[in-house]
Amino acid sequence: MSSIIRQTWRVARPCLAALAAVAAVGWAAYAFVGQPYRVQSPSMTDTYAVGTRVWVDKTAFGARLPMLVAGVELDYRRLPGFGALNRGDVVVFNFPAGDTVAARCPGTDFYGLQQVYGRDRVLSGLYGSVEYRPVSSREPYMKRIIGLPGEWVSVSGDTVRAGGHIVPEPAGARHNYIIQTDGRRISAEEWRYLGIGPDERQVATVRGSDTTAMKIMGLQIDSMGHPLPTYQIPLSAARLRELPKRFPWIIEALRLPMAEQARLYPQDQPWRKWSRNHYGPVWIPRKGATLRLTLRCLPLYTRCIKNYEGNTLEVRGGVICINGKPARYYTFKQDYYWVMGDNRDQSLDSRYWGFVPESHIIGKVVCKL
């Protein structure tokens with residue numbers, strides 16, 4: 001029996017060694033070269049539709065070394081890359097605000113829940129225990145880099161400025177429109193052609209005096225006082241130009257003004273009269289840059305100083321204290337980026353949760369698969 005076992009082992013050992021080598025090469029390629037990623041949300045359409053598979057290159061910016069080994073969180077380190085991240089690059093990164101979640105609401109970050117329901121209610125256990133998650137365990141997001149470290153960024157309507165220049169909109173950028181047909185309903189096949197999923201479109205329901213508002217907007221009402229089929233949808237400029245020829249029964253397409261949004265970054269700043277289409281200007285932290293701290297600017301950089309760079313931060317009697325000591329200045333330890341989705345009116349991005357730390361970046365999207 002022992003001779004059979006030895007003979008079997010002699011035959012199997014080269015095969016097992018080859019399998020181990022293949023597994024090691026595969027792991028190394030995934031960790032240090034690149035990986036596929038499936039688009040999870042419509043925030044980057046029309047550029048990347050939901051379900052699109054893309055290749056994320058980790059060599060362009062340098063592969064991030066493992067940050068979690070055997071349950072132990074390690075310091076951030078990155079291998080040298082072949083270049084730098086530039087404005088306009090599409091990147092995949094771990095969701096920064098996903099560091100803390102409530103167990104029963106894993107898809108919503110703690111800070112968002114806190115803003116909606118209040119800190120005491122969230123901490124009461126109603127939404128489950130509040131848990132911390134290491135960087136590499138947070139959800140991967142995909143957005144486009146708009147602002148680089150050390151730049152000022154602002155949003156005014158459709159105009160985005162960064163580094164003192166207007167940032168051109170991507171070719172696939174989308175904005176919200178109200179469209180109206182001559183009475184025909186849009187089919188599922190036509191929605192698929194337009195690249196608009198069920199969660200992205202709304203059928204307008206109008207009652208009473210709302211018809212007056214629709215008439216003022218130029219939308220049509222039938223003889224019974226009911227509006228013709230009307231939808232709120234996101235469209236790119238290219239899709240908008242297509243409508244008259246491909247969908248001649250769509251009789252109106254009006255740009256929908258963006259509603260004011262309360263849940264913007266930083267939270268709990270009622271005096272900061274910003275909205276998602278009128279935001280900033282905001283300075284993006286740069287590694288080695290020193291910021292003069294004030295109570296007014298502190299909310300913008302609290303997460304950078306405390307959550308992403310591992311300091312304690314508190315305000316005692318109007319005095320800002322970092323690591324238990326009064327601080328008038330702070331020097332940042334890493335670079336940060338400002339990102340936005342191409343689907344501008346339906347994207348939760350830096351306007352809602354702030355800066356993306358360099359330590360959270362997984363890689364750059366280079367092609368579709």
Side-chain angles (χ1 to χ4, degrees), residues 16-17 19-41 54-81 85 91-114 119 122-143 285 287 302-314 322-324 332-337 339 348 353-365:
L16 294 174
L19 288 173
V22 170
V25 170
W27 178 86
Y30 184 90
F32 303 117
V33 178
Q35 67 182 73
Y37 172 78
R38 186 182 295 275
V39 179
Q40 303 293 323
S41 81
V54 298
W55 181 253
V56 181
D57 181 12
K58 299 181 179 181
T59 65
F61 185 55
R64 186 178 65 184
L65 297 181
M67 299 182 68
L68 188 67
V69 177
V72 178
E73 193 168 9
L74 306 178
D75 292 338
Y76 161 65
R77 293 178 298 166
R78 188 179 291 273
L79 295 176
L85 294 178
V91 292
V92 174
F93 55 91
N94 296 109
F95 179 39
D99 58 354
T100 308
V101 296
R104 294 178 185 170
C105 301
T108 304
D109 65 272
F110 167 79
Y111 310 98
L113 285 174
Q114 176 181 264
R119 183 179 179 85
V122 176
L123 292 177
S124 69
L126 183 63
Y127 304 98
S129 59
V130 176
E131 302 170 353
Y132 168 80
R133 294 190 300 181
V135 172
S136 56
S137 298
R138 301 167 195 172
E139 296 87 352
Y141 274 31
M142 187 173 82
K143 307 287 182 186
K287 182 178 180 179
T302 293
R303 289 186 57 78
C304 299
I305 297 170
K306 184 178 178 181
N307 299 65
Y308 309 145
E309 302 200 353
N311 301 285
T312 62
L313 176 64
E314 57 185 333
I322 297 177
N323 298 326
F332 291 94
K333 301 174 184 177
Q334 63 176 312
D335 286 331
Y336 293 82
Y337 297 84
V339 300
L348 295 178
W353 37 257
F355 311 105
V356 176
E358 176 189 313
S359 59
H360 287 53
I361 293 174
I362 297 171
K364 182 169 73 172
V365 175

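In this structure, OG in Ser359 is found 10.5 Å from CG in Asp335, a value given to the nearest 0.5 Å. Taking CG from Leu113 and OG1 from Thr100, the interatomic distance works out to 11.0 Å, rounded to the nearest 0.5 Å. Atom-to-atom distance recorded for Gln334:CD and Cys304:SG is 8.0 Å, nearest 0.5 angstrom. Atoms CE and NE2, from Met67 and His360 in turn, are 7.0 Å apart once rounded to the nearest 0.5 Å. With rounding to the nearest 0.5 Å, the separation of NZ in Lys58 from CH2 in Trp55 is 8.5 Å.
One N or O on the side chain of Arg78 and one on the backbone of Gly62 form a donor-acceptor pair closer than 3.5 Å. Side-chain atoms of Tyr37 come within 3.5 Å of backbone N or O of Pro140 as a donor-acceptor pair. Arg138 places no side-chain N or O within donor-acceptor distance of the main-chain N or O of Ala97, the cut-off being under 3.5 Å. At distances below 3.5 Å, not a single donor-acceptor pair connects side-chain atoms of Asp57 with backbone N or O atoms of Lys364. Side-chain atoms of Glu73 do not come within 3.5 Å of backbone N or O of Pro134 as any donor-acceptor pair. A distance-only check finds no donor-acceptor pair linking the side chain of Arg64 to the backbone of Tyr76 [under 3.5 Å]. In this structure, the side chain of Lys143 engages the main chain of Leu348 through a donor-acceptor pair within 3.5 Å. For Asn323 (side chain) and Thr312 (main-chain N/O), a donor-acceptor pair under 3.5 Å exists by modelled atom type.
Ring geometry, Tyr141 versus Phe95: the interplanar angle falls under 30°, so the pair is classed parallel (tilted spans 30 to 60°). Between Trp353 and Phe93, the ring-plane angle classifies as tilted under the 30° and 60° cut-offs.
Side-chain contact check for Pro66 versus Ser136: every heavy-atom pair is 4.5 Å or farther apart. Counting only heavy atoms from C-beta outward, the side chains of Gln40 and Glu139 never approach each other to under 4.5 Å. The shortest distance between side-chain heavy atoms of Tyr337 and Ile361 falls below 4.5 Å.
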Begin from the C-alpha positions of Val92 and Gln35 and carry the test side-chain contact (heavy atoms from CB on, under 4.5 Å) through to its verdict. CA-CA 10 Å; Val92 174; Gln35 67 182 73; over 6 Å; no

CA sep, side-chain torsions, deciding dist, call: Glu309, Ile322, side-chain contact (heavy atoms from CB on, under 4.5 Å): CA-CA 11 Å; Glu309 302 200 353; Ile322 297 177; over 6 Å; no

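Judged purely by distance below 3.5 Å, without hydrogens or angles, the side chains of Arg303 and Tyr308 pair a donor atom with an acceptor atom. Checked by atom type, the side-chain pair Arg133/Asn94 shows no donor-acceptor distance below 3.5 Å. Using a 3.5 Å distance cut-off with no hydrogens or angles, the side chains of Asp99 and Tyr111 do pair a donor with an acceptor.
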